[in-house]
Amino acid sequence: MTTSEALFAIPEPIRKVFARFPLHTHPPICNPYTKKINRPTLWISPPHTFSQNKLSNDVECLKWQAYLALRGLRDFDVRTDITPEAGVDGRLPSLQLPNGQLLGAQKIPTWADSLQQSQPDELEGYKDAQTRDESRAWFSLLEGDVHAELEMSNSKDLSFMSLLYSTPRRAVETIVHPTPAPLSGITSPFPPSGVQVPTSSVHLKYCEAIQSLSERLGGDEWFLGSGSPTALDALLFAYIYSALQSAAHVHREVERYENLIKWETRVRALVVI
């Protein structure tokens with residue numbers, strides 16, 4: 001042993017201690033979020049446990065699934081094992097591209113336009129400007145009264161998997177109009193906290209919304225009489241499908257209207273990949 005080796009040699013007592021804890025090396029762990037993909041991949045919340053298809057149990061994710069499918073885009077994959085925290089802004093859906101880019105939901109239409117080389121359409125697919133403006137009211141109805149009912153009914157029966165993978169949910173009191181009053185009043189010795197959401201009022205508005213949707217759809221192929229599917233059709237499908245997977249009092253209301261059931265069945269056949 002040379003002088004330098006003797007100088008830096010590990011003392012025998014310490015060597016015996018270290019021998020009890022051998023160093024093992026392992027191959028690198030493959031990160032599923034950054035693995036190379038060959039096709040665009042839409043990250044969504046998983047489907048209902050009893051579902052036989054890949055339609056998400058989250059209405060926001062399902063809306064974008066339907067949007068891409070109704071635009072005729074089929075060359076993409078779907079992943080349901082991604083947690084919301086991995087998505088853009090901590091939300092799902094997100095679209096992963098083969099070049100490694102990750103797009104948030106709001107950038108999906110721009111990506112679809114560039115892929116299909118679509119020209120800007122001032123009417124957004126609707127038959128005229130008046131119908132386009134009317135569509136805004138239907139968007140508001142679906143994302144307001146219908147969404148509130150789904151939130152109220154689904155919050156009562158959340159599985160562990162849905163809690164783990166579902167995107168952040170909007171508080172019901174932020175959807176209901178007028179805003180519910182706090183549980184404790186001005187004369188209460190306790191500071192205002194919580195809200196008393198009027199369940200019966202929410203359900204009544206939901207029933208009225210479903211009736212209005214049925215009457216406006218009539219026997220048209222696409223909502224508002226459009227010649228081809230629009231973003232509103234994707235949103236309507238997402239809410240009708242989600243309502244049919246919800247509690248009995250929610251899906252029974254949809255089942256009262258034969259045209260909604262037939263429309264949902266036809267559109268679902270186009271959306272399911």
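Because only heavy atoms are used, hydrogens play no part in the values below, and waters and symmetry mates are left out as well, while side chains stay in. Source: prediction; values computed, not measured.
Partners of Lys127 according to the salt bridge (Lys or Arg N to Asp or Glu O under 4.0 Å) rule, which considers only residues two or more places apart in sequence or in another chain, do not exist here. In terms of the side-chain hydrogen bond (donor to acceptor under 3.5 Å, both in side chains) criterion, Ser226 has no residue partners (sequence neighbours excluded). In this view, Gln116 and Arg71 satisfy the side-chain hydrogen bond (donor to acceptor under 3.5 Å, both in side chains) rule, not counting sequence neighbours. Under the rule for a side-chain hydrogen bond (donor to acceptor under 3.5 Å, both in side chains), Trp222 has no partner lying at least two apart in sequence or in another chain. Residues passing the salt bridge (Lys or Arg N to Asp or Glu O under 4.0 Å) test with Asp89, sequence neighbours excluded: none. Residues passing the side-chain hydrogen bond (donor to acceptor under 3.5 Å, both in side chains) test with Trp64, sequence neighbours excluded: Glu60. Shown here are the salt bridge (Lys or Arg N to Asp or Glu O under 4.0 Å) partners of Asp220, two or more places apart in sequence or in another chain: there are none. The side chain to side chain contact (heavy atoms under 4.5 Å, CB included) search around Leu204 returns Glu208, not counting sequence neighbours. Residues that satisfy the salt bridge (Lys or Arg N to Asp or Glu O under 4.0 Å) test with Glu258, not counting sequence neighbours, are Lys262.
You'll find the side chain of Asp77 stays beyond 4.5 Å of the side chain of Arg79, heavy atoms only. Side chains of Leu42 and Ile108 form a contact here, defined as non-hydrogen atoms less than 4.5 Å apart. A heavy-atom distance below 4.5 Å is found between the side chains of Gln65 and Leu55. Proximity of Leu150 to Val250: side-chain heavy atoms (C-beta onward) are separated by under 4.5 Å at one or more points. Put simply, the side chain of Trp111 reaches to within 4.5 Å of the side chain of Leu97, judged on heavy atoms. For the pair Glu134 and Gln130, the minimum side-chain heavy-atom distance is 4.5 Å or more. In this structure, the side chains of Tyr239 and Glu143 come closer than 4.5 Å at one or more pairs of heavy atoms. Between Val254 and Glu264, the closest side-chain pair of non-hydrogen atoms is not below 4.5 Å.
Atom CD of Glu122 has 12 or fewer neighbouring heavy atoms from other residues, nucleotides or ligands inside a 6.0 Å radius.
Atom CG of residue Asp81 and atom CH2 of residue Trp43 lie 9.5 Å apart, to the nearest 0.5 angstrom. Expressed to the nearest 0.5 Å, how far CG of Asn99 lies from CD1 of Ile37 amounts to 8.5 Å. One distance of note links NZ of Lys63 with CG of Leu142; it measures 10.5 Å at 0.5 Å rounding. From Thr110, atom OG1 reaches atom CG of Leu103 across 9.0 Å, with rounding to the nearest 0.5 Å.
No donor-acceptor pair closer than 3.5 Å links the side chain of Ser214 to the backbone N or O of Ile210. Under a 3.5 Å cut-off, the side chain of Ser56 and the backbone N or O of Ser45 do form a donor-acceptor pair. Between the side chain of Arg91 and the backbone N or O of Ala105, no donor-acceptor pair lies under 3.5 Å. Asn259 contributes a side-chain N or O that, together with a main-chain N or O of Gly218, makes up a donor-acceptor pair within less than 3.5 Å.
A pairwise comparison of heavy atoms in Ile44 and Leu92 identifies C-CD1, 3.8 Å as the closest pair. Considering every non-hydrogen atom in both Leu95 and Pro40, the closest pair reads CD1-CB, 4.3 Å. Scanning all heavy atoms of the two residues, the minimum distance from Ser242 to Ser246 falls at O-OG, 2.7 Å. Among all heavy-atom pairs drawn from Arg132 and Tyr126, the shortest one is CA-CD1, 3.7 Å. Heavy-atom minimum distance, Ser153 versus His249: CB-CE1, 4.2 Å.
In the hydrophobic cluster analysis, where Ile, Leu, Val, Met, Phe, Trp and Tyr join through side-chain heavy atoms closer than 4.5 angstrom, Leu270 is grouped together with Leu224. Transitive grouping of hydrophobic side chains (ILVMFWY, heavy atoms separated by less than 4.5 Å) brings Leu70 and Phe139 into a common cluster. Linking ILVMFWY side-chain heavy atoms closer than 4.5 Å, directly or via other members, places Trp263 and Val272 in a single hydrophobic cluster.
Looking only at atom types and distance, the side chain of His203 has a donor-acceptor partner in the side chain of Glu149 under 3.5 Å away.
Applying the salt bridge (charged side-chain N to carboxylate O under 4.0 Å, His left out) test to residues at least two apart or on different chains, the pairs with a partner in residues 239-255 are Glu253-Arg256.
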Dump the intermediate steps for side-chain contact (heavy atoms from CB on, under 4.5 Å) on Leu73 and Tyr67, then the final yes or no.
-> CA-CA 9 Å; Leu73 295 172; Tyr67 175 82; over 6 Å; no
Walk me through it: do Tyr206 and Asp145 pass the test side-chain contact (heavy atoms from CB on, under 4.5 Å)?
-> CA-CA 5 Å; Tyr206 165 74; Asp145 294 345; 5.6 Å; no
After noting the C-alpha distance and the side-chain angles of Asn53 and Val271, does the key distance pass the side-chain contact (heavy atoms from CB on, under 4.5 Å) rule?
-> CA-CA 10 Å; Asn53 54 50; Val271 173; over 6 Å; no
Show me the donor-acceptor pairs within less than 3.5 Å that the side chains of residues 227-235 make with the rest of the protein, sequence neighbours left out.
| unit_1 | atom_1 | unit_2 | atom_2 | d |
| --- | --- | --- | --- | --- |
| Thr230 | OG1 | Leu232 | N | 3.3 |
| Thr230 | OG1 | Asp233 | OD2 | 3.1 |
| Asp233 | OD1 | Phe223 | N | 2.8 |
| Asp233 | OD2 | Thr230 | N | 2.9 |

Can you list, pair by pair, the side-chain donor-acceptor contacts under 3.5 Å of residues 13-20, counting residues two or more places apart and other chains?
none

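Using a 30° and 60° split on the angle between ring planes, Tyr241 and His48 fall in the tilted class, from 30° to 60°.
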